[in-house]
Amino acid sequence: MTNSARAFARPLFRSFEERLGIIVFAAMLLFASTHALLAHGFKVGDLEIGHPWSRATPAGAKVAAGYLTVKNTGAEADRLVSIQSDVSEKAEIHEMAVDAKGVMTMRQVAEGVEIPAGGEVALKPGAYHIMFMGLKAPVKEGEKFSGTLTFEKAGTVTVEFQADKMGGQSQDHSGH
Ligand SMILES: [Cu+2]
């Protein structure tokens, strides 16, 4: 390589690195915006419903779980009383708890879940959750399905549950 060629090659290499840097930065921005999309939310009255999500189910499964957060920005407590979705025959509110013998149990919460004034309640794995029972079809990863939540005071709101992979913990738990 001649001196003049080398002198030409060096700045070219630097600009290639710069370009690579821009590509990496662009990829990060893309990831950040995808992440923002995943952290989806819904509103009804004083309630903010954050990131409803579910998990893909194995073929033939009859149940799927649903998770979300509910933030109450109002001055009065409200209550999540029921859920309805086209993906299943019915949906119940459940609670996972450890009984006196240290065994994990699941019970239906017939009275619903109270959302305290100014508070936030998370329906999440190992705690309160929605149980879609009598699934009409398996839930597939990446799919969305709608569900209608009914609150005692705020009324009803239809939200979209995003299906994570089987056994997934979801992309975002923070809720908004
Ligand atoms: Cu359950």
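First listed ligand is number 1; within each ligand, the first listed atom is number 1. Worth saying up front: this structure is predicted, and the values here are computed from it rather than measured.
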With a cut-off of 2.8 Å, does Gln108 put an N/O/S atom close enough to the Cu ion (ligand 1)? no
Within the stated cut-off of 2.8 Å, is an N/O/S atom of Met96 closer than that to the Cu ion (ligand 1)? no
The reported gap from CD in Glu120 to CD1 in Ile115 (rounded to nearest 0.5 angstrom) is 9.5 Å
Working to the nearest 0.5 angstrom, can you tell me the gap between Glu143 CD and Glu160 CD? 11.0 Å
If we count only N and O atoms by modelled type, under 3.5 Å, do the side chains of Thr158 and Thr148 hold a donor and an acceptor together? yes
Give a rough value, rounded to 10 degrees, for the angle at the Cu ion (ligand 1) between atoms NE2 of His129 and ND1 of His94. 120°
Kindly assign one of parallel, tilted or perpendicular to the pair Phe145 and Phe161, based on the angle between their ring planes and the thresholds 30° and 60°. parallel
